[in-house]
Structure formats: structure tokens, C-alpha cells
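Inspection log for the structure reproduced underneath, given as C-alpha cells.
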Amino acid sequence: MRLSHYFLPLLRENPAEAQIVSHRLMLRAGMIRQSSAGIYSWLPLGLRVLNRVEQIVREEQDRAGAQEILMPTIQPAELWRESGRYDDYGAEMLRIRDRHEREMLYGPTNEEMITAIVRDTIKSYRDLPKNLYHIQWKFRDEVRPRFGVMRGREFLMKDAYSFDLDAAGAKRSYNKMMVAYLRTFARMGLKAIPMRADTGPIGGELSHEFQILADTGESEVYCDKAWLATDILAEEVDYDADLEPFFREWTSRYAATDEMHDPAKCPVPASELVTARGIEVGHIFNFSTKYSAPMGAVVSVADGSSVPLEMGSYGIGVSRLVGALIEANHDGAGIIWPESVAPFRVGLINLRAADAKCVAAADALYAKLRAAGTAVLYDDRDESPGAKFATMDLIGLPWQLIVGPRGGAAGTLEVKNRRSGERQDLPAEAALNRIVEG
Ligand code: ATP
Ligand code: MG
């Protein structure tokens with residue numbers, strides 16, 4: 001993509017409404033535009049990141065055996081009356097009436113809808129287990145939408161729902177999702193720590209929130225220092241095998257949110273305990289028959305009787321992750337994208353748009369990178385070098401390739417790594433190899 005053609009509405013000044021760095025940088029880097037409180041349009045650069053985050057989430061859900069579907073954003077109120085949540089949900093739910101005065105709502109989550117689908121289609125224990133997920137926009141009329149996409153009113157969520165015959169099966173489903181979540185966040189270069197979370201009035205052991213440590217997190221969290229050195233992707237996972245050892249390994253290390261942390265009972269000595277702020281990027285929950293029992297989602301078992309399905313739900317804040325990624329990856333000059341989610345891998349800068357030799361060299365590199373399938377944003381504009389460097393640093397592409405008259409004479413160009421800041425003069429061929437290979 002040539003920057004001269006790209007829709008990248010950058011802001012020079014820090015927007016006054018943005019209190020945290022990810023919100024500021026997303027607005028300044030032209031990734032999003034607010035349309036009303038907590039509701040955003042995603043512009044080309046932001047959408048590329050959102051799509052990459054979504055794709056990693058999808059791949060890891062698929063790998064764990066979950067199957068993708070797509071449920072609507074608009075739901076009928078009746079479904080929520082069946083579970084009893086229509087009245088309980090309160091003002092966070094956006095309620096709508098259609099032209100026939102039928103009560104509808106913009107879905108804040110999909111337990112009722114998926115339970116109804118499964119109730120109508122799965123009749124026998126032989127059809128279990130199943131795990132179905134979708135990646136769909138949700139609406140919650142949050143009291144205080146803030147921090148940009150981190151606490152929006154309309155936001156993109158991946159939500160999966162598991163259906164099992166019994167509690168042991170439900171635990172197996174839960175374990176798969178826990179492993180899938182650990183892998184998902186690790187692939188984005190994030191350390192997300194599963195923390196015992198409050199299961200609320202339903203009780204039970206099985207609920208974990210995945211928290212990323214960041215100063216701007218909304219919750220206070222506590223964890224064993226050992227978490228900071230854990231490498232999840234080093235482990236080979238076979239989803240058909242028993243994942244209980246993984247579950248034990250990952251939950252044996254202490255980690256808890258504020259609501260669950262009791263200093264008197266904490267097994268980790270103060271010197272080994274990290275106290276920090278956390279951003280919740282995912283939440284997994286086993287809730288047994290909370291929805292299946294009232295909604296009549298049952299299967300027949302071998303002896304002919306019927307039992308309600310054991311269920312769990314598993315959410316990831318896909319759009320929140322884009323903000324969380326920036327909170328975890330930035331410096332004074334701007335964003336520093338991890339390679340796995342970067343909107344483009346390379347920013348190619350021609351420092352002299354008026355110099356025919358530089359243009360020819362940069363155009364040739366652009367063609368070669370594209371031929372190699374490398375996502376590249378080519379700054380071919382007639383702007384000062386300072387402005388070009390500032391733009392590239394702000395939008396945070398992992399690699400910068402800088403073509404200028406100095407290197408031109410020597411037949412070299414400069415390669416800069418955005419994260420380390422390391423710069424190297426290399427012959428064009430070597431520079432390309434460096435970047436294309438990683
Ligand atoms: P929170 O405590 O942050 O309000 P929640 O417990 O309401 O989250 P869930 O219902 O478990 O969230 O939703 C699953 C995931 O969706 C959360 O872990 C979070 O990453 C994301 N999420 C929830 N609310 C929002 C929001 N208002 N804006 C963006 N992402 C959100
Ligand atoms: Mg909430």
C-alpha cells in the first residue's frame with residue numbers, strides 16, 4: 001500500500017478526551033474514530049489489526065475443536081424471559097421495539113440464543129460434546145464507557161459455548177478452552193494470566209479471568225512472580241489427550257483478582273507476590289445447568305431418561321485486545337506492534353520523493369516485498385524526513401526500510417527495528433532477506 005493513497009487520518013495533537021496511552025495512540029495513528037460515546041468506526045489501519053487479532057483467536061478456537069458459527073446481533077426478548085435474565089440484566093441492555101411492537105434487544109452476550117439453538121437440534125447424548133463459538137459485535141450500555149475500545153459500548157467479542165453430558169465432560173471442555181486461551185494470548189506476545197474469579201451466586205470453582213498486567217488496568221490483581229517467566233508456547237498440546245495436567249500446572253501458580261484475593265490466606269510470601277493492575281482480556285466460566293435447566297435444553301441418555309446439558313461459556317474481548325496490546329507495547333514515539341498482529345510488517349520510507357534514483361530504488365524494493373507476500377506500507381509522499389520518521393514510529397510497524405541519497409550512492413539502505421531501535425546499513429538484497437525472513 002502506498003501511503004500517498006492510504007486513508008490514514010493522523011492527529012498531531014493529543015486528543016483531550018483520551019486518558020490512557022492506547023486510546024491516545026489509536027486516535028493519533030488514525031486507527032479509530034468515535035461516533036458516539038463508546039462506539040467507534042474502525043479505519044483501515046485499525047481494522048487490519050482487529051482482523052489479525054480476530055484471526056489468531058479463530059485459529060486457536062478451531063485448533064481446540066470449537067466450531068465457528070455466526071449468530072445475529074439482534075435477539076428476541078422472549079428468549080431472555082425464558083432464562084429469567086430479561087429483567088435482571090438492567091440498564092446495560094439496549095432494548096428495541098420493531099414496527100410490530102415486538103420486544104427485541106441488541107445482544108450483550110449469547111447464552112440464551114445458543115441454548116435455544118442447541119435445544120432444538122441436539123437431542124441425544126451421542127451428539128455431545130459440542131463447542132460452538134462466534135465472533136460478533138455486542139452492545140452493553142456501560143455506565144462509564146471510557147479508555148477508547150477498552151471499555152466501549154459496542155465491542156467485538158469472541159464467545160464460545162460448550163455443551164456436555166456431565167460435569168466431567170464439562171471440565172474437559174473447560175480445560176481445552178483454558179489451554180486455547182493461554183496459546184491465543186501468547187501468540188499475540190501477551191502474558192495473560194488466568195486468575196481465579198468470582199463465580200457469583202451460582203458458585204462453583206470454575207471461573208478464570210485472563211488478565212494482562214498493565215498500569216492502566218481497571219482491576220487490582222495478585223500473582224506469583226513465577227508467572228512472569230512462564231513460556232506457554234514452549235509446550236506441545238494435544239487436544240485429544242487429557243489436559244488436566246496442564247490445568248493443574250497453570251492453576252497451581254497463585255493468581256487472583258481483588259475479589260478473590262485474601263492476604264491472610266495467600267500461599268505466596270509477600271516477597272514472591274506481584275501486586276499490579278490488570279486488564280481483563282478473557283473470561284471462562286462453567287455454569288453447569290444454569291441456562292439448560294430453565295430453558296429445557298436436555299438430551300436423552302442410554303436408559304431413555306433426559307438430562308439437562310452441562311454448559312460453559314468462554315469470552316475474549318477482541319476489540320479490547322487491540323487497546324490492551326498497545327498498553328503493553330509502546331514508547332514515547334508511538335506504538336510498537338508485535339509482529340503477529342502488526343497491520344503491516346514493513347514501513348518502506350523514501351526520504352527523497354523528488355530524487356529519481358531514490359524513487360527507482362524504493363519502487364523496486366516495494367515491488368520485491370509485495371512479490372514476497374510481505375505486507376508493506378510505502379511512504380512515497382513528498383514530506384520532510386522528520387515527518388516520515390515520526391509517522392512510522394507512531395504507527396509502530398515492526399520494521400522500517402529507509403531509502404535515502406546517502407545509502408543510494410553506496411548501494412545500501414537502512415533497516416531499523418522499531419522495538420529495539422537498532423539500525424543497520426545493508427545492501428538491498430541483504431536488507432530484504434532480513435525482513436522477509438524475520
Ligand atoms: P468487565 O468486568 O471488564 O466488564 P465482563 O465480566 O463484563 O468484563 P464478560 O461478560 O466476561 O466481561 O465478557 C468477555 C470479555 O469481553 C471480557 O473478558 C472483556 O475482555 C470483554 N469486554 C467486556 N465488556 C467490554 C466492554 N465494555 N468493552 C470492550 N470489551 C469488553
Ligand atoms: Mg462488564
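Note that ligands are numbered from 1 as they come in the structure, with each ligand's atoms numbered from 1 the same way. Computed from heavy atoms alone, side chains included, the values below leave out hydrogens, waters and symmetry copies. Just so you know, these numbers come straight off a predicted model, no measurement behind them.
- When the heavy atoms of Q211, H283, E280 are ranked by distance to atom 18 (O) of ligand 1, first place goes to E280.
- Looking at M157 against ligand 1, only its side chain comes within 4.0 Å, counting heavy atoms.
- Taking every heavy atom of G282 and a limit of under 4.0 angstrom, the matching atoms of ligand 1 come to 18 (O).
- Nearest-residue assignment for atom 12 (O) of ligand 1 (options E154, R144, R140; heavy-atom criterion): R140.
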### Query
R63 and E59: salt bridge (charged side-chain N to carboxylate O under 4.0 Å, His left out), yes or no, with the steps?
CA-CA 6 Å; R63 192 194 298 267; E59 285 170 14; 5.5 Å; no
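- A donor-acceptor contact closer than 3.5 angstrom links the side chains of D393 and Q400.
- Remark: distances from the non-hydrogen atoms of G152 to ligand 1 include one below 4.0 Å.
- When each atom of ligand 1 is checked for a heavy atom of V149 under 4.0 Å away, the hits are 29 (C).
- Classification of R418 and D331 as a salt-bridged pair holds, one side-chain N sitting under 4.0 Å from a carboxylate O.
- By the side-chain hydrogen bond (donor to acceptor under 3.5 Å, both in side chains) test, H283 pairs with S207, sequence neighbours left out.
- Using a non-hydrogen distance threshold of 4.0 Å, V281 registers as a contact of ligand 1.
- Residues D166 and E310 share a closest heavy-atom pair of C-CG, 3.5 Å.
- The shortest separation from a heavy atom of M150 to ligand 1 is under 4.0 Å, placing the residue in contact.
- Not a single heavy atom of I279 lies less than 4.0 angstrom from ligand 1.
- For H261, the ring pair (Phe, Tyr, Trp, His ring centres under 6.0 Å) test picks out Y222, Y254, with sequence neighbours left out.
- R151 contributes no side-chain N or O that, together with a main-chain N or O of E142, makes up a donor-acceptor pair within less than 3.5 Å.
- Scanning K138, E218, R151 for the heavy atom closest to atom 3 (O) of ligand 1 points to R151.
- Residue contact check: G317 has heavy atoms under 4.0 Å from atoms 15 (C), 16 (O), 20 (O), 21 (C) of ligand 1.
- Contact annotation: for L321 versus ligand 1, there are no heavy atoms closer than 4.0 Å.
- Relative to atom 27 (N) of ligand 1, the option among E92, R146, E209, E142 with the closest non-hydrogen atom is E142.
- Between R345 and I435, the shortest heavy-atom distance links the atoms NH2-O, 2.8 Å.
- Between R119 and E82 there is a salt bridge, since a side-chain N of the basic residue sits under 4.0 Å from a carboxylate O of the acidic one.
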